[in-house]
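Worksheet: the structure to be examined is printed underneath.
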Amino acid sequence: TPNKQETHDHEGKLDEGHVSRITDGVVSLFRHGVRGGEICPRPKILPDAYCSTPRSCRDTPRAVCVDRLGPPCVVYSFGINYQWDFDDFAHGFGCEVHSFDPGMKYKHQRAQRHYFEAVGIGNTVGTHDGPSTLYSRKTGYQVETLQHIMARLKHTFVDLLRLDVEHAEWDVLEGLPFDKIGQLSIELHMWHRPFAYYAGVLARIPMTHTATFQNTDRANKRTMTEIWPNITRVYEMTFVGNKVGRQHPRGDADTRRNDF
């Protein structure tokens, strides 16, 4: 564990109480790479759709455990910004895909088994009245909890949940029904709070960590500032639950052309 002189965040030094809650186990989550193991023997590495050059596209990928995907799987993807790469990948496995982004205007049905809603994810149901977390900076948008969306869509299990919601993920993580999620692909943004807070939330995720990739390709130079020694502010992480919604024999994406 770093000593007090080595710790720092956007407000300055962390106090001793914060430092005491940081464990080597949580810090190790930020080490770059894939740790699939038996729970994820064949991880698929997907490039980041938002990148400036082909080289940078290899710098901030995300991992998906494809052994756990196959029809009739259900995928929820939050934070699209008109970038469909991840959603189309999941759709290619025969999954029913639901894409959500309150900052977009788009048709409800993108393809067979692929649906869109201009709704965000939150820890309450109603109108989001705090600072915007959207690329468009839109305010006053509708949010729902994951539990509310699942009940509305009549889903009892989500095989793959993707979150890229620009710091809103932290409040959401505190209330997720992890026993109803097969795997979680999440982009973490550590902007406004001490590292001890973020570490505490991550430590309480009751899933197996399988991959981490450091985000290094953003115009915002603050992305690469350290919030903790050797830990910067934006990461992609994947977690896998012990429960599998269904046994999926398929391991390769269906490459048939989608009818958009």
Side-chain angles (χ1 to χ4, degrees), residues 25-26 29 39-40 43 62-80 86-87 89-91 93-102 113-130 133 141-190 193 197-212 235-248:
V26 172
L29 295 180
I39 198 168
C40 182
R62 57 171 54 91
V64 175
C65 298
V66 296
D67 305 82
R68 290 172 169 247
L69 288 183
C73 46
V74 173
V75 175
Y76 286 8
S77 179
F78 290 88
I80 312 304
F86 180 94
D87 306 61
F89 169 80
H91 186 264
F93 274 86
C95 296
E96 177 183 330
V97 178
H98 292 263
S99 305
F100 303 87
D101 192 321
R113 297 178 286 99
H114 191 176
Y115 307 95
F116 171 78
E117 293 187 47
V119 173
I121 191 169
N123 59 1
T124 60
V125 177
T127 302
H128 177 76
D129 57 4
T133 62
Y141 48 89
Q142 291 300 116
V143 295
E144 298 179 37
T145 64
L146 182 67
Q147 295 92 319
H148 191 271
I149 294 172
M150 290 176 67
R152 177 166 58 78
L153 297 179
K154 297 180 170 55
H155 294 139
T156 59
F157 192 82
V158 176
D159 295 88
L160 173 57
L161 172 64
R162 170 190 169 270
L163 298 176
D164 184 0
V165 291
E166 305 303 315
H167 199 267
E169 65 272 11
W170 298 102
D171 290 338
V172 172
L173 280 171
E174 303 243 40
L176 283 180
F178 288 102
D179 61 329
K180 295 178 173 61
I181 301 169
Q183 59 182 299
L184 172 66
S185 173
I186 183 168
E187 184 167 87
L188 302 172
H189 308 82
M190 298 181 289
R193 294 167 172 164
Y197 165 79
Y198 300 123
V201 175
L202 293 174
R204 293 191 293 273
I205 295 178
M207 305 177 83
T208 301
H209 172 246
T210 58
T212 293
Y235 287 83
E236 295 278 357
M237 286 192 187
T238 303
F239 298 86
V240 175
N242 294 324
K243 181 178 178 181
V244 179
R246 306 160 188 86
Q247 295 298 320
H248 303 309

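In this structure the side chain of Phe78 reaches within 4.5 angstrom of the side chain of Leu161, judged on heavy atoms. Side chains of His155 and Tyr76 form a contact here, defined as non-hydrogen atoms less than 4.5 Å apart. Side-chain contact between Ile186 and Leu173 is present, with heavy atoms from C-beta onward closer than 4.5 Å. Side-chain atoms of Val165 and Val172, non-hydrogen and from C-beta on, never get closer than 4.5 Å to each other. Looking only at side-chain heavy atoms (C-beta outward), Tyr197 and Met190 stay at 4.5 Å or farther from each other. Residues Ile205 and Phe178 meet the side-chain proximity criterion, which asks for heavy atoms closer than 4.5 Å. Residues Val64 and Phe89 are in side-chain contact: their nearest non-hydrogen atoms beyond the backbone lie under 4.5 Å apart. A heavy-atom distance below 4.5 Å is found between the side chains of His98 and Phe100.
Listed by first and then second residue, the salt bridge (charged side-chain N to carboxylate O under 4.0 Å, His left out) pairs involving residues 172-184 are Glu174-Arg204 (not counting sequence neighbours).
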*Show the numbers, then the answer: is there a side-chain contact (heavy atoms from CB on, under 4.5 Å) between Asn123 and Val143?*
CA-CA 8 Å; Asn123 59 1; Val143 295; over 6 Å; no
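By the side chain to side chain contact (heavy atoms under 4.5 Å, CB included) test, Thr212 is found to be paired with Arg35, His209, Tyr235, Met237, residues two or more places apart in sequence or in another chain being considered. Every side chain to side chain contact (heavy atoms under 4.5 Å, CB included) that Val97 has, sequence neighbours left out, goes to Val75, Asp87, Ala90, His91, Cys95, Ser99, His114.
Taking every heavy atom of both residues into account, Glu144 and Ile149 meet most closely at OE1-CG1, 3.4 Å. Nearest heavy-atom pair across Ala199 and Val26 is CB-CG1, 3.4 Å. Ser77 and Arg162 get closest at one heavy-atom pair: OG-NH1, 2.8 Å. Shown here for Leu176 and Gln147, the closest heavy-atom pair between the two residues is C-NE2, 4.5 Å. Pairing each heavy atom of Ser185 with each of Phe86, the nearest pair is OG-CE1, 4.3 Å. Looking at every heavy atom in both residues, Glu169 comes nearest to His189 through OE2-N, 2.6 Å.
One N or O on the side chain of Asp101 and one on the backbone of Ile80 form a donor-acceptor pair closer than 3.5 Å. The backbone N or O of Cys40 sits nowhere less than 3.5 Å from a side-chain atom of Asp67 that would complete a donor-acceptor pair. With hydrogens and angles disregarded, a donor-acceptor distance shorter than 3.5 Å links the side chain of Gln183 to the backbone of Cys65.
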